[in-house]
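Remarks on the structure that follows.
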Amino acid sequence: MTVPISKTQQRICDKFGLPAQAPEPMVALAIGSLDQSPIYGTRIVLPENGTISWFIHCGEHDDASGFYQPLHAEHLHDMLPQVVDYLALPSGAKFILDREGYEDVWLEE
């Protein structure tokens, strides 16, 4: 099950010359980091039988178990609306955003 790609998500993909890929309904979000900046997103290749390809955190990454929590992507509209437009970026894509308008998107080789 995938989520439809919005016009804004398609525009972001076009802006960076990347193919759009429909996001899954679940993401992994480091909920405890939401008050920090910048915002980092990484989309991995969806593992076989996996349900999550997006990993999103703010500020410093932490390798601790439980850093990321599974979350329905629709909750991002309330919790971290800045990232919603980037969720159609393809597997291997990464982004960094800050709350002042900085934006960087690239594809991990």
Ignoring hydrogens, what is the shortest heavy-atom contact between [X] and [Y]? Give both atom names and the distance.
X   : Y   : answer
C13 : A20 : SG-CA, 3.7 Å
E60 : Q36 : N-OE1, 3.6 Å
P19 : P90 : O-CD, 3.2 Å
P70 : I52 : CB-CD1, 3.8 Å
A30 : S33 : O-OG, 2.8 Å
Y40 : G59 : CE1-O, 3.2 Å

Under the salt bridge (charged side-chain N to carboxylate O under 4.0 Å, His left out) rule, what pairs show up with a residue in [range], not counting sequence neighbours?
range          : result
residues 27-49 : E24-R43
residues 73-90 : none
residues 10-20 : K15-E103

So, using side-chain contact (heavy atoms from CB on, under 4.5 Å) as the criterion, who are the partners of P81 when residues are at least two apart?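 Expected list: none.
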Who passes ring-ring contact (aromatic ring centres under 6.0 Å, His included) against H61, sequence neighbours left out?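 Here the qualifying residues are H57, F67, Y68.
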Residues two or more places apart in sequence or in another chain: which of them pass side-chain hydrogen bond (donor to acceptor under 3.5 Å, both in side chains) with [X]?
X    : answer
E108 : W106
S37  : none
D62  : none
K7   : none

For L76, which fellow cluster members are found when Ile, Leu, Val, Met, Phe, Trp and Tyr are connected by side-chain heavy-atom distances below 4.5 angstrom, either directly or through intermediates?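 Answer for L76: I12, F16, L18, V27, L29, I31, L34, I39, W54, I56, L71, M79, L80, V83, V84, Y86, L87, L89, F95, L97, V105, L107.
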Inter- and intrachain pairs under side chain to side chain donor-acceptor pair (under 3.5 Å), touching residues 88-98, at least two apart: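 For residues 88-98: Q21-S91.
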